[in-house]
Number of protein chains: 2
Amino acid sequence: MAYRAHAEARLKEAGFRITTPRRRVIDLLAEAVGPVSAYEMRDQLEARGERIDIVSVYRIIGCLEQTGLVHRILSTGKVHRCVIEAHEPCGLPQPDHCHHSLICRTCGRIEEMHCPDIGSLLARAAATLGFALESHRLELGGLCKRCAA
Amino acid sequence: MAYRAHAEARLKEAGFRITTPRRRVIDLLAEAVGPVSAYEMRDQLEARGERIDIVSVYRIIGCLEQTGLVHRILSTGKVHRCVIEAHEPCGLPQPDHCHHSLICRTCGRIEEMHCPDIGSLLARAAATLGFALESHRLELGGLCKRCAA
DNA sequence: ATGCTGTTGAAAGTCTATTGCAATAAAGAG
DNA sequence: CTCTTTATTGCAATAGACTTTCAACAGCAT
């Protein structure tokens with residue numbers, strides 16, 4: 001898996017060790033279809049027989065986030081969910097953390113939306129207030145294609 | 001206070017009673033300079049000698065939110081904070097809940113930004129994925145005017 | 001293979017938010 | 001103004017997400 005090699009390289013670079021639990025979480029996130037919460041990660045890993053403590057999941061998320069490998073979003077509720085970093089700059093600063101999430105009200109599924117033009121628009125609006133933009137979080141709620149039908 | 005009258009009218013309209021705790025929370029929010037969390041509300045009220053239980057604060061927030069009088073945002077951390085409703089539609093759906101927050105990384109202050117053009121842009125981008133937009137949350141991080149100086 | 005030190009797992013703790021229930025008080029009826 | 005109904009409050013207990021502490025363990029540099 002390409003992502004795993006990439007991730008391990010960056011972890012090493014940052015002085016982190018490559019451990020079994022870390023590899024497991026990385027693989028899980030790489031396979032995941034959408035953002036995953038800490039408890040979901042633990043349950044999914046345990047389901048495939050890979051024992052891991054919830055505390056470790058949290059710590060691993062923390063180190064992956066520090067390294068810039070994953071990004072945390074606050075999707076539907078108040079639970080943080082993780083996605084591996086996308087690499088599609090949107091024109092805003094924080095190019096490594098560009099996620100515009102579409103969160104479906106009924107099925108809870110989260111899609112990532114690419115919206116390149118939004119950057120300059122927001123940067124300009126913020127600038128008029130003297131605010132220096134560094135990061136952004138954009139979360140949209142509604143009905144996904146399948147649920148709307 | 002104009003806001004208090006407005007709020008009481010809307011509560012009555014919606015069939016809610018006007019109680020002392022509710023009046024206190026409404027006044028507090030009307031005076032607040034930025035978004036306030038439930039526990040902050042309780043502490044600030046108790047500090048001025050107005051005893052209130054945290055459970056009631058949560059329930060009151062809920063009823064004010066239902067009535068469209070306040071809006072909850074997830075600012076810096078994972079704690080919900082409340083602001084009284086602005087009345088500046090931005091072109092997105094959810095016209096009563098239009099908040100684009102600028103959150104300062106150093107001082108934590110939150111400013112609301114008005115950005116009218118963003119609506120059609122996002123609606124179009126979401127539509128290409130077949131997503132029916134209903135609500136949005138936009139939170140921008142960075143340095144405010146004062147901290148950047 | 002060995003030792004140093006970063007990491008893990010388990011238990012207990014913190015913090016935000018919610019639920020159930022008895023006591024209280026708002027608002028309309030008389 | 002008092003009574004009655006019923007929404008609302010406060011308290012205690014609970015839920016859920018995340019963190020801290022610390023002993024045991026396992027990378028990895030040598």
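Throughout, a chain's letter reflects where its sequence line sits, starting with A, and its residues are numbered from 1.
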Q: Output all residues satisfying side-chain contact (heavy atoms from CB on, under 4.5 Å) with Phe16(A), sequence neighbours left out; order by chain, then residue number.
A: Leu11(A), Ala14(A), Arg22(A), Cys63(A), Gln66(A), Thr67(A)
Q: Name all residues meeting the side-chain contact (heavy atoms from CB on, under 4.5 Å) criterion together with Leu129(B); count only those two or more places apart in sequence or in a different chain, and write none if there are none.
A: Leu102(A), Glu111(A), Met113(A)
Q: Run the side-chain contact (heavy atoms from CB on, under 4.5 Å) test against Asp53(A) and tell me which residues pass, sequence neighbours left out.
A: Val55(A), Ser56(A)
Q: For Ala38(A), give me all partners under side-chain contact (heavy atoms from CB on, under 4.5 Å), at least two apart in sequence or on another chain.
A: Ile54(A), Val57(A), Tyr58(A), Ile61(A)
Q: If the sugar-phosphate is the primed atoms plus P, OP1 and OP2 and the base is the rest, what is the B/S/- string for nucleotides 22-30 of chain C, using protein heavy atoms under 4.0 Å?
A: ---BBS---
Q: To the nearest Å, how far apart are Asp53(A) CG and dT19(D) P?
A: 14 Å
Q: Using the test salt bridge (charged side-chain N to carboxylate O under 4.0 Å, His left out), find all partners of Arg24(B) that sit at least two apart in sequence or belong to another chain.
A: Glu50(B)
Q: Expressed in angstrom and rounded to an integer, what is the separation of Leu11(B) atom CG from dA7(D) atom P?
A: 15 Å
Q: Test of understanding: with salt bridge (charged side-chain N to carboxylate O under 4.0 Å, His left out), list the residues that count as partners of Glu40(B), not counting sequence neighbours.
A: Arg81(B)
Q: Is there a side-chain contact between Arg22(A) and the phosphate of dT7(C), meaning an N or O under 4.0 Å from OP1 or OP2?
A: yes
Q: Given atom CD1 of Ile26(A) and atom C1' of dT7(C), what is their separation to the nearest angstrom?
A: 14 Å
Q: Please state how far atom OH in Tyr39(A) lies from atom P in dA15(D), giving the value in whole angstrom units.
A: 14 Å
Q: When you measure from every atom of DNA chain C, which of residues 54-62 of chain A have a heavy atom less than 4.0 Å away?
A: Val55(A), Ser56(A), Arg59(A), Ile60(A)
Q: Tell me, please, which residues at least two apart from Arg51(B) pass salt bridge (charged side-chain N to carboxylate O under 4.0 Å, His left out).
A: Glu46(B)
Q: Glu8(A): what forms a side-chain hydrogen bond (donor to acceptor under 3.5 Å, both in side chains) with it, not counting sequence neighbours?
A: Arg4(A)
Q: In whole Å, what is the span from the CD1 atom of Ile52(B) to the C1' atom of dC11(D)?
A: 14 Å
Q: Considering all heavy atoms of both residues, which atom of Arg42(A) and which atom of Ile52(A) are nearest to each other, and what is their separation?
A: CG-O, 3.4 Å
Q: To 10°, what angle do the rotation axes through the five end pairs on each side of the helix from dA1(C)-dT30(D) to dG30(C)-dC1(D) form?
A: 30°
Q: Step by step, would you call Arg10(B) with Glu65(B) a salt bridge (charged side-chain N to carboxylate O under 4.0 Å, His left out)?
A: CA-CA 11 Å; Arg10(B) 287 191 70 163; Glu65(B) 202 178 22; over 6 Å; no
Q: Mind checking the CG-OH spacing from Leu69(A) to Tyr3(A)? Nearest 0.5 Å is all I need.
A: 4.5 Å
Q: What's the shortest heavy-atom distance between Ala126(A) and Leu133(A), and which atoms?
A: CB-CD1, 4.0 Å
Q: Tell me, which of residues 40-49 of chain A have any heavy atom that sits under 4.0 Å from an atom in DNA chain D?
A: none
Q: Side-chain contact, heavy-atom cut-off 4.5 Å: Ile26(A) with Ile60(A)?
A: no
